[in-house]
Amino acid sequence: MISPPEFAVSVLDTLSAAGFSAYFVGGCVRDTMMSRRVSDWDAAASALPHEVMALFRKTAPTGIRYGTVTVFCGENKVEVTSFRQEAGYDGRRPAAVRFGADISRDLSRRDFTVNAMAMGARGGIIDPFGGMADIERRLIRAVGAPSVRFCEDALRMLRALRFSAQLGFAIERETRAAIRECAHLARA
C-alpha cells in the first residue's frame, strides 16, 4: 500500500479540523490498496460545496450541481464531493441529488465494490461492500444489483470492461450477465 501525498492529506486535515467528516474515495483508494500510481485524488466529505469553498484559498465549483468542488494545492488538486444520495437517473446522470448522507450511504451509490471504499487521511479503510476481498480475488463486481446500476448509468458497463482490461480483473458472473442484458442501453 502506498501513502497519500501530503497535499491530499492536508485537504482532509483541513476539512476535519473544521468539524467535517472527510475520506478519500473511489479509484484513489483502490489504486492505493493495489500499490498503483494514483493520478486523481478524490474525497467525499460531510461539508457542503459552499463550506468547502470557504475553507480553501483556491477552489473551482467543477460539478456544483453534484456537490463537487476542486481544491487546488499548488500544481495539484483534490476533488471534494459532498456526501450524497441520488435518485431518478436518466440513463447517465441522477435527476435528483440530496446532500447530507453519511459515508456508508455515499459509498452505496457507487458503481463497483473496488471503487466503493473510503480511506481516512492516515489509513483506516471503510469497506461495506467487500471491495478489498474483490481486489484480492481480482474481480469487478457491481455494488448491489448489477442491472439496477447499469440502468442508472449505462456508462458503468463500459467502465466494467475498462477496469477489467486495465487491472487484469475478471468480471463477476452476475455483473457480466447484466452487461449482456443491459447492453442496449449503451446505444443512446
- Task: Could you pull out all residues at least two apart from A160 that satisfy side chain to side chain contact (heavy atoms under 4.5 Å, CB included)?
- Result: F112, I140, I171, I179

- Query: Given the rule that I, L, V, M, F, W and Y join up when any side-chain heavy atoms are under 4.5 Å apart, are I125 and L139 in one cluster?
  - Reply: no

- Note on the structure: Note: P49 and I64 closest approach over all heavy atoms is CB-CD1, 3.3 Å

- List the atom of C182, the atom of M157, and the distance in Å for their closest heavy-atom pair. O-CE, 3.2 Å

- Flag the pair F20 / L55 as yes when at least one side-chain heavy-atom distance between them is below 4.5 Å, and no otherwise. yes

- Message: For R173, give me all partners under salt bridge (Lys or Arg N to Asp or Glu O under 4.0 Å), at least two apart in sequence or on another chain.
- Response: none

- Query: Closest approach of V9 and A121, non-hydrogen atoms and distance?
  - Reply: CG2-O, 3.6 Å

- Just how far is it from atom CG of L167 to atom CZ of R162, taken to the nearest 0.5 Å? 9.0 Å

- Item | A142 to T175 - nearest heavy-atom pair and separation | N-OG1, 3.1 Å

- So which pairs with a foot in residues 45-60 pass salt bridge (Lys or Arg N to Asp or Glu O under 4.0 Å), sequence neighbours left out? none

- Message: Please list all pairs meeting salt bridge (Lys or Arg N to Asp or Glu O under 4.0 Å) that have one or both residues in residues 25-41, counting only residues at least two apart or in different chains.
- Response: D31-R36

- V148-L185 co-clustered via ILVMFWY side chain contacts under 4.5 Å: no

- Does R156 use its side chain to pair, donor to acceptor, with the backbone of R149 at less than 3.5 Å? yes

- How close do S21 and Y23 get, heavy atom to heavy atom, and via which atoms? CB-CE1, 4.1 Å

For residues 68-75, run the donor-acceptor check on the side chains, cut-off 3.5 Å, and write out each pair with its distance to 0.1 Å, sequence neighbours left out.
residue	atom	partner	partner atom	Å
T68	OG1	T81	OG1	2.8
T70	OG1	T62	OG1	2.8

- Message: Holding to ring pair (Phe, Tyr, Trp, His ring centres under 6.0 Å), I want the full list of residues that pass it with F24, two or more places apart in sequence or in another chain.
- Response: W41

- Message: Could you tell me if the side chain of D111 sits less than 4.5 Å from the side chain of F163, heavy atoms only?
- Response: yes

- Item | Pairs touching residues 114-125 that satisfy salt bridge (Lys or Arg N to Asp or Glu O under 4.0 Å), sequence neighbours left out | D13-R122

- Query: Is there a side-chain contact between D42 and V78 (heavy atoms, below 4.5 Å)?
  - Reply: no

- Kindly indicate whether the side chain of S108, heavy atoms from C-beta on, has any atom under 4.5 Å from the side chain of F129. yes

- Task: Just jot down the side chain to side chain contact (heavy atoms under 4.5 Å, CB included) partners of A183, sequence neighbours excluded, or say none.
- Result: none

- For A22, the side chain to side chain contact (heavy atoms under 4.5 Å, CB included) test, sequence neighbours excluded, returns L12, L15, A45

- Item | Pairing residues for E181 by the side chain to side chain contact (heavy atoms under 4.5 Å, CB included) criterion, not counting sequence neighbours | S147

- Message: Taking the side chain as everything from C-beta on, heavy atoms only, tell me whether M119 gets closer than 4.5 Å to T32.
- Response: yes

- Task: Using the side chain to side chain donor-acceptor pair (under 3.5 Å) rule, collect all pairs that involve residues 131-141, keeping only residues at least two apart or in two chains.
- Result: T113-D134, D134-R137, D134-R141

- Does the S164 side chain pair with the main chain of F169, one donor and one acceptor, at a distance under 3.5 Å? yes

- Query: Which distance, rounded to the nearest 0.5 Å, do you find between the CE of M117 and the CD1 of I126?
  - Reply: 11.5 Å

- Message: Going by side-chain hydrogen bond (donor to acceptor under 3.5 Å, both in side chains), name the residues that satisfy it together with R110, two or more places apart in sequence or in a different chain.
- Response: D106

